[in-house]
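What follows is a short report on a single structure.
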Amino acid sequence: MEDFRIESHLKNIYATFPEANHQPVIGITANYADGDARLCDRYYQQVVSAGGTPVLIPPVADKQTIINTLDHIDGLLLTGGADINPLWTNEEPVQRLGGINAKRDLAELLTVRLAYNRQVPMLGICRGIQTLAVALGGKVEQDIYSSRLNQSSPRIKHSQNADRTEPTHSVTVMPDSYLADLYGRQTKTTDGQAEIRLFVNSFHHQAVAAPGPRFRVTAKAPDGVIEAIESNEFKPILAVQWHPEWLGSDGLPLFQWLVDKAATFHRAKRLHDRILTLDTHCDTPMFFPQGVRFDQRDPRILYDLHKMTDGRQDAVIMAAYLPQPQMGEQFSQKVDIAGIIAHNPQLKTLSTQLSPTQYADLIFDKLEQIVADNSNYISIARTPADLYEDKRKGRKSIMFGIENGLALNHDLANVRHFAQRGVVYITLCHNGDNDICDSNKGSHMNNGVSEFGAKVIQRMNDEGIMVDLSHANEKSFYDALDISRTPIVCTHTCCRALCDVPRNLTDDQLRALAQKGGVAHITLYHGFLRKTGEATILDVIAHLEHAIDVMGIDHVGVGTDFDGDGTVRGCADASELINFTIQLLKRRYSDSDIEKIWGGNWLRVMAQVQAAAVQG
């Protein structure tokens, strides 16, 4: 019998603690008709059955509304409904285009693009698959019957009058896909080949014509109509043309997939809220002469404020990179004085031909200008305490590094100069020997660390600057280990056991580095991850786990080399760095281990190096 006493219902809620366990919050896009935002109950019932908490997202194309909504949800469900206006894909409407829903189009296209940038898990259904395709570079068949008039193979009826709970045609699922994992029931075809076939319901006349570069097709109907797509970038994005919300238990696995992905995403977000995430090497300053904008989502660079926010990244060490001149040549880095130091008029008397030290200083001047222009959101940090204070205040952090000791211009006094500017590490060399040490791409000019180089390392110890051996050859590496009084670091490197190139560290080097208390940070440069084929985030994880096996969890980290040719599928820029955390969570790394990988180990070494300088 129904109980209409509210107190008895409240008593049941408060009978245990906590009242409810956390469930992933799934935002569901609403249809729009006759002035109302509407949602078929089957969508939210399936979300509830899958263990999620549904919330309705009205079709509002307001920036603040969309961004704040995405900040509060863990997954996004794109629902069915009317056609998409083909003008969004630069096409004119065909005669049999159905009713479009202008109220939904812009709101949902913006929501998808922003959710994609934030790595929010997404499931698209019917119109939802088309929305994903259009938002991310694909095309839609406005009317599948009109576009297939001359097709020789039989056409099937996709817009059916059957009860929505009734399967009406089959689809063939591609192997190695999310759908194959969810519905892995193989059957034999007439020619004896194994395939996965699903029986689905169908009520549409539009479909995806081309999924675009970010998706791959994972299911088709017998007449070739695309019935499912998923991300080809290791993102949790899946979309189907049919209506699983009406298929009860047969459709439930798709909603469970979304809720499971949303749960992992939620955990990754909360973990990034608690821990400090530090990337120890990027080369974004190389793009400053092009007039890039750090406060915009600038497509020319892989690090900016928007991408750091999307990827929930706290801090990055930006390097002033100096190319190594050929033997006998002088450093010749020309800069656009008007562009890079417009804020510093007294330097306009300089020639565009700068010394290495002047060039590095100009890079740091520009970083300081960027920070000054965005001081509410970003700060320059010099110590671990600075980083944690910035995180507490809700600001991002930039630290200064130098890539190539050439910046010292053969003057030991410049070690102190750069220490006073806030430089936290100097990579002793780059691709070529210099007056400090030999490079892995050099000619063994010094037979390791030079006499001057030994003085540089000792002075760096005195000034609290970390010694980075990322580009050094093996002799220089071991010499520096012996010379330095404090642990050394490799800010962006990989494992030679997995990719045999001189730039990577051998297992013996990794062990020696760990024995001296140092750290090796795995980089995302494809040529250091694998010698053939495309590198992906899975290769990065493989190198990280190999380093952990050799060195232990206390001596590893991440240095992306973004904007220095570092980028891989699945972690292409700073907005995707949370995907690295998600991969670690999938492998059941503990929160404390992930905190160590994301900078905890580095900060231990940095604190030790800086403390030794104070004591010395």
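Note that the coordinates shown come from a computational prediction; the quantities given were computed from them, not determined experimentally.
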Report the residue from Leu387, Thr280, Val316, Ile380 that forms a side chain to side chain contact (heavy atoms under 4.5 Å, CB included) with Met399. Leu387
Is a salt bridge present between Lys475 and Asp479, judged by a nitrogen-to-oxygen distance below 4.0 Å? yes
Asp283 side chain to Met286 main-chain N or O, any donor-acceptor pair under 3.5 Å? no
Step by step, would you call Ser575 with Asn117 a side-chain hydrogen bond (donor to acceptor under 3.5 Å, both in side chains)? CA-CA 6 Å; Ser575 71; Asn117 290 340; 5.5 Å; no
Can you confirm if the aromatic rings of His555 and His521 lie within a centre distance of less than 6.0 Å? no
For Thr486 and Asn461, run side-chain hydrogen bond (donor to acceptor under 3.5 Å, both in side chains): C-alpha distance rounded to whole Å, both residues' side-chain angles, the deciding distance at 0.1 Å, then the answer. CA-CA 7 Å; Thr486 58; Asn461 290 165; 3.1 Å; yes
Apply side-chain hydrogen bond (donor to acceptor under 3.5 Å, both in side chains) to residues Asp561 and His492 and explain how you reach the verdict. CA-CA 7 Å; Asp561 205 14; His492 56 302; 4.5 Å; no
Quick one about His444 and Asp438 (side-chain donor to acceptor, distance below 3.5 Å, no hydrogens or angles considered), yes or no? no
Donor-acceptor pair between Glu403 and His281 side chains, under 3.5 angstrom: yes
How far apart are the C-alpha atoms of Phe528 and His543, what are their side-chain angles, what is the distance that settles it, and do they pass the side-chain contact (heavy atoms from CB on, under 4.5 Å) test? CA-CA 10 Å; Phe528 303 157; His543 278 259; over 6 Å; no
Describe, in one word, how the ring planes of Phe364 and Phe418 are oriented to each other, choosing from parallel (under 30°), tilted (30 to 60°) and perpendicular (over 60°). perpendicular
Mind checking what makes salt bridge (charged side-chain N to carboxylate O under 4.0 Å, His left out) contact with Asp304, not counting sequence neighbours? Lys307
Hey, are Thr560 and Asp279 close enough side-chain-wise for a donor-acceptor pair under 3.5 Å? yes
Salt bridge check, Arg485 against Asp462: does any charged N sit closer than 4.0 Å to a carboxylate O? yes
Indicate yes or no: does Lys261 engage Asp74 in a salt bridge with an N to O separation below 4.0 Å. no
Salt-bridge present (Arg118, Asp310; N to O < 4.0 Å): yes
Ionic contact status for Asp314 with Arg395, cut-off 4.0 Å: no
Could you tell me whether the side chain of Asp365 and the main chain of Glu368 form a donor-acceptor pair under 3.5 Å? no
Does one side chain, of His471 or Gln324, offer a donor that lies under 3.5 Å from an acceptor on the other? no
Using atom types as modelled and distance alone, determine if a side-chain donor or acceptor of His72 lies under 3.5 Å from a backbone N or O of Asn68. yes
Taking the six-membered ring for Trp, are the ring centroids of Tyr321 and His430 within less than 6.0 Å of each other? yes
Between Asp361 and Arg421, is there a side-chain N and carboxylate O pair less than 4.0 Å apart? yes
With the threshold set at 4.0 Å, does a side-chain nitrogen-carboxylate oxygen contact exist between Glu474 and Arg496? yes
Short question: side chain of Thr309, backbone of Leu305 - any donor-acceptor pair under 3.5 Å? yes
Heavy atoms from other residues, nucleotides or ligands near NZ of Lys269 exceed 12 (cutoff 6.0 Å): yes
Donor-acceptor check, side chain of Ser439 to backbone of Asp433, threshold 3.5 angstrom: yes or no? no
Output for pair (Phe287 CZ, Asp563 CG), nearest 0.5 Å, gives 5.0 Å
Give a yes-or-no answer on whether the side chains of Ser470 and Asp468 include a donor-acceptor pair shorter than 3.5 Å. yes
Could you walk me through whether Ser355 and Asn409 pass the side-chain contact (heavy atoms from CB on, under 4.5 Å) check? CA-CA 8 Å; Ser355 74; Asn409 207 22; 4.1 Å; yes
Salt bridge or not for Glu463 and Arg416, using N-O below 4.0 Å? yes
Scanning both residues in full, the closest heavy-atom pair of Met318 with Cys282 reads CG-SG, 3.5 Å
Residues Gln583 and Tyr589: side-chain donor-acceptor under 3.5 angstrom: no
N/O donor-acceptor pair under 3.5 Å between Asp573 side chain and Ile301 backbone: no
Under 3.5 Å, is there a donor-acceptor pair linking the side chains of Asp298 and His306? no
Output yes when a side-chain donor or acceptor of Asn404 lies under 3.5 Å from a complementary backbone atom of Cys429, and no otherwise. no
Under the 3.5 angstrom rule, does the side chain of Asn504 hit a backbone N or O of Val501 as a donor-acceptor pair? no
When you compare the side chains of Arg503 and Tyr525, does any donor N or O come within less than 3.5 Å of an acceptor on the partner? no
Can you name the closest pair of heavy atoms from Ile465 and Tyr425 and give their distance? CG2-CA, 3.7 Å
Tell me whether the rings of His266 and His22 are parallel (<30°), tilted (30 to 60°) or perpendicular (>60°). parallel
Give a yes or no on whether a salt bridge exists between Glu389 and Lys393, defined as a side-chain N under 4.0 angstrom from a carboxylate O. yes
Is His526 reaching over with its side chain to a backbone N or O of Gly566, donor-acceptor style, under 3.5 angstrom? no
Ser484 side chain vs Pro487 backbone, donor-acceptor pair below 3.5 Å: no
With sequence neighbours left out, which residue pairs that include part of residues 367-386 fulfil the ring-ring contact (aromatic ring centres under 6.0 Å, His included) condition? none
